[in-house]
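Per chain, numbering begins at 1; letters A, B, ... match sequence-line order.
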Amino acid sequence: MKTEKPLSLYNSLTRRKEVFVPADPQRVTMYVCGPTVYNFAHIGNARPAVVFDVLARLLKRLYPHVVYARNITDIEDKIIAAAREQGVEIGVITDKYADIYRKDMGELGVMVPDVEPKATDSIAEMISMMERLIAAGHAYAAEGHVLFNVPSDAAYGVLSGRDRDDMIAGARVEVAPYKKDAADFVLWKPSTPEQPGWDSPWGRGRPGWHIECSAMIEKHLGETIDIHGGGIDLQFPHHENELAQSRCAHGGAALARFWLHNGFVNIEKEKMSKSIGNVLLVHDLIKETPGEAIRLALLNGHYRQPLDWTAEGLTQSVRMLDRLYGALRGLSDVKSEATHDAIPAAFWEALLDDLNTPKALAELFALAKAANTETDPGTRAQLKAALLGSGQMLGLLAHDAEEWFAGAGTATHIEAEEVEALIAARNAARKAKDFKEADRIRDALAEKGVQIEDGPQGTSWRVAS
RNA sequence: GGCCUCGUGGCGGAGUGGUUACGCGCCGGACUGCAAAUCCGUUUACCCCGGUUCGAUUCCGGGCGAGGCCUCCA
C-alpha cells in the first residue's frame with residue numbers, strides 16, 4: 001500500500017471517528033448481523049452485506065488473519081409463522097431462504113463470510129450464557145421465560161445513549177406482569193407444543209432475539225471482538241441488549257471495541273415498508289439489472305448516510321459502470337492483472353478514511369480518465385492493474401469488459417455471432433462507401449438493442465441501455 | 001415528548017475556514033461518411049437568520065424542513 005495513513009472508523013459507541021487498532025493484529029475479528037431467513041432479502045438488507053463486505057476486503061488487505069462472521073437467524077417468530085402457514089418445518093423455510101440469500105448476495109459481489117453461524121446451532125451456548133447471567137444476578141427466570149434485568153447493569157444504554165427512564169417513558173407496549181422491571185427484555189421464552197423449542201433448565205422454549213448474537217460471537221470469535229456491524233435500526237434495542245448481555249456475562253469485558261452502523265435505505269424518498277408496498281427485493285432487481293450496478297448504487301453514497309434508492313440512481317450506476325468498463329475495454333491490448341501495489345494512495349486513503357467509497361469511486365474515475373488519454377504502453381499497463389485492483393477492493397470490475405457490454409447480468413440476450421456477421425457486412429458496405437446500406441445495418445442492429453462503436457482498432461458493440 | 005442523523009448545482013453524491021470533488025444529464029467544440037465511444041470546454045451549489053472571523057458552504061446559536069430509533073421484532 002502506498003500510504004502511511006491508518007484506518008479510521010466512526011465508532012457508534014464513542015460517536016466519533018477513531019483510529020482502528022485491532023486488539024490482536026494476528027487475528028482481527030468482525031461480526032455483522034445477518035438476515036432472518038423467512039423471506040427474500042430486500043435492498044435494505046443488501047446494504048450492510050455490501051458495506052461490510054468492502055470493510056472485510058479492506059481488513060484482509062491490512063491484516064494477515066481476519067475472521068469475518070455474519071450470522072443467519074434461523075429461529076424467530078416470523079419464521080415460525082411462515083412455516084405454519086406453509087405447513088412445513090421451520091428448517092424448510094430457513095434453508096430455502098438462506099440459500100436464496102447467499103445466491104442473491106453473491107450476485108452483488110458479496111464474498112462468503114469466513115463464518116456463517118446459525119442460531120439453532122448455538123442453543124447450548126445460549127443456555128450456558130443465560131445460566132451465567134442468572135448466577136451473576138443479571139437475569140432471572142419467570143414463568144418459563146428468562147429475562148435480562150436491566151437495572152442490574154449500571155452501564156446499560158451506553159451504545160444508544162438513552163437511559164432507562166427515557167425508555168420507559170417512551171414505551172408503547174404494555175409491560176408483561178412477570179417482568180421485575182419494565183425495561184427488562186426476554187432472553188428465552190417458552191414454546192407451546194406446536195412451536196419449535198429446545199429443552200432448557202427453564203422448560204422447553206426458544207431464544208429471544210438478542211441472546212443468539214451474543215452466544216455466537218462468544219462461540220466463534222471470543223469475548224471481545226474488534227468490530228461489530230449492522231444496520232442503524234439495530235442499534236437499539238438489539239445491539240444495546242447484545243452488548244449488555246455479553247458484558248455482564250463476561251465480567252465487564254466489552255463485547256466489541258468498534259460498533260459500526262450503516263444508514264437506512266429509503267425508496268424514492270419514502271420509507272420502505274410493506275404497508276406502502278415499496279419493498280424492493282434483491283431477487284427481483286437482479287432479474288433486470290446487473291448485480292454489479294446494484295452494488296455500485298449502494299457504494300455510491302457513504303455507508304453512514306441514508307441512501308435514497310431510485311430507479312434513476314440505478315440507471316446512473318449502470319452508466320458509471322459503462323464508463324469504467326469502457327476504459328478497460330480501451331486497455332484490452334495490454335495485459336495486466338489486478339495489482340494492489342498499483343492502486344494510487346488517494347484511493348487507499350479514501351477507503352481508510354471511514355470507508356469513504358464515494359471518494360474512492362472518484363479515484364477510480366480518475367484512473368479511467370487517465371487510461372483513456374494515456375498512450376505509453378507501460379503506463380497503460382499500470383493503469384489497468386490499478387483499475388482492476390481498485391475495483392477489486394470495492395468488489396467491482398470483476399467482469400470482462402466485453403462481457404459487460406454484451407449485456408452480462410441483464411435480461412437481454414444477444415447472439416454475438418449474428419452481431420459480428422452484421423458488423424462485418426456493415427464494414428464491407430462502409431468500405432464500398434455504401435453508407436446507406438451501412439446505416440441500414442446499423443439501424444437493424446439498434447432494433448436488436450445493439451449499439452455500434454467504430455474505433456481505430458475496428459468496430460465494437462454493446463447492448464444499448 | 002426523549003435521543004439522534006441530515007439539508008450541497010437538473011440528478012446522485014464527497015469534501016473543505018480562503019483552491020476543479022467525482023459521476024450521470026444538458027450544451028458547445030474536436031474526432032467520425034454520419035453516429036457511438038473518447039477527448040477538450042461550458043453550465044447550474046452549498047435551506048434561512050444571526051454570531052465568531054480578514055474571510056464560512058465549512059465553526060457556534062436559533063429557525064425552518066426531511067428522516068431514523070424510543071424494548072421482547074413491524
For atom CD of A/Glu363 and atom C1' of B/U20, their distance in whole Å: 13 Å
Separation of B/G68 P from A/Asp233 CG (nearest whole Å): 11 Å
Any side-chain heavy-atom pair of A/Lys384 and A/Leu328 under 4.5 Å: yes
Integer-rounded Å distance: B/C6 P and A/Arg304 CZ: 8 Å
Distance-only donor-acceptor check, side chains A/His239 and A/His261, under 3.5 Å: yes
Separation of the P atoms in B/G29 and B/C54, to the nearest angstrom: 49 Å
C1' atoms of B/A21 and B/A74, separation to the nearest Å: 40 Å
Distances under 3.5 Å between nitrogen or oxygen atoms of protein and nucleotides 12-16 of chain B:
{"unit_1": "B/G12", "atom_1": "OP1", "unit_2": "A/Lys269", "atom_2": "NZ", "d": "3.1"}
{"unit_1": "B/G12", "atom_1": "O2'", "unit_2": "A/Asn300", "atom_2": "OD1", "d": "3.4"}
{"unit_1": "B/A14", "atom_1": "OP1", "unit_2": "A/His302", "atom_2": "N", "d": "2.7"}
{"unit_1": "B/A14", "atom_1": "O3'", "unit_2": "A/Asn356", "atom_2": "ND2", "d": "3.1"}
{"unit_1": "B/A14", "atom_1": "O2'", "unit_2": "A/Asn356", "atom_2": "ND2", "d": "3.4"}
{"unit_1": "B/G15", "atom_1": "OP1", "unit_2": "A/Asn356", "atom_2": "ND2", "d": "3.4"}

Rounded distance (Å) that lies between atom P of B/G23 and atom CG of A/Leu387: 13 Å
Lys/Arg N to Asp/Glu carboxylate O, A/Asp354 vs A/Lys359, below 4.0 Å: no
Interatomic distance at P, B/C70 relative to B/U57, whole Å: 37 Å
Spacing of the C1' atoms in B/A56 and B/C46 (rounded, Å): 11 Å
Nearest-Å distance once atom P is located in both B/C59 and B/C39: 35 Å
Salt bridge flag under 4.0 Å for residues A/Lys5 and A/Glu349: yes
Atom-pair distance (CD1 on A/Ile232; P on B/C3), nearest Å: 17 Å
Parallel, tilted or perpendicular: ring planes of A/Tyr156 versus A/Phe236, cut at 30 and 60 degrees: perpendicular
Cation-pi geometry met for A/Arg430 and A/Phe435 (6.0 Å, 45°): no
Distance-only side-chain donor-acceptor flag, A/Asp184 / A/Tyr140, under 3.5 Å: yes
Pair A/Ser160, A/Glu240: side-chain N/O donor-acceptor within cut-off below 3.5 Å: yes
B/G41 to B/C48 separation - C1' atoms, rounded to the nearest Å: 35 Å
Interatomic distance where CG belongs to A/Leu159 and C1' belongs to B/U71 [whole Å]: 14 Å
B/G23 and B/U32, which share atom name P, separated by this distance in whole Å: 25 Å
Separation between the C1' atoms of B/U42 and B/C6, rounded to whole Å: 32 Å
Under 4.0 Å protein heavy-atom contact, by nucleotide of nucleotides 34-39 of chain B - B base, S sugar-phosphate only: BBBSSS
Verdict with reasoning, A/Thr192 to A/Gln195, per side chain to side chain donor-acceptor pair (under 3.5 Å): CA-CA 5 Å; A/Thr192 62; A/Gln195 290 172 325; 3.3 Å; yes
Any side-chain donor near an acceptor of the partner, A/Tyr38 and A/Asp74, under 3.5 Å: no
Runs of at least three Watson-Crick or G-U pairs with RNA chain B, cut-off 3.5 Å: B:1-7 with B:64-70, B:10-12 with B:22-24, B:27-30 with B:38-41, B:47-51 with B:59-63
First of A/His238 and A/Lys271 reached from the 5' end of RNA chain B, by closest nucleotide: A/Lys271
For atom CG of A/Leu234 and atom P of B/C70, their distance in whole Å: 11 Å
Between P of B/G23 and CG of A/Leu367, the distance in whole Å: 12 Å
Sugar-phosphate, base or nothing in reach of A/Phe435, heavy atoms under 4.0 Å: base
Side-chain donor-acceptor pair present, A/Ser246, A/Glu242, cut-off under 3.5 Å: no
A/Glu312 with A/Arg319: basic N within carboxylate O range, under 4.0 Å: no
Electrostatic pair A/Asp53-A/Arg70, nearest N-O below 4.0 angstrom: no
5' precedence on RNA chain B between A/Lys433 and A/Tyr10 (nearest-nucleotide basis): A/Tyr10
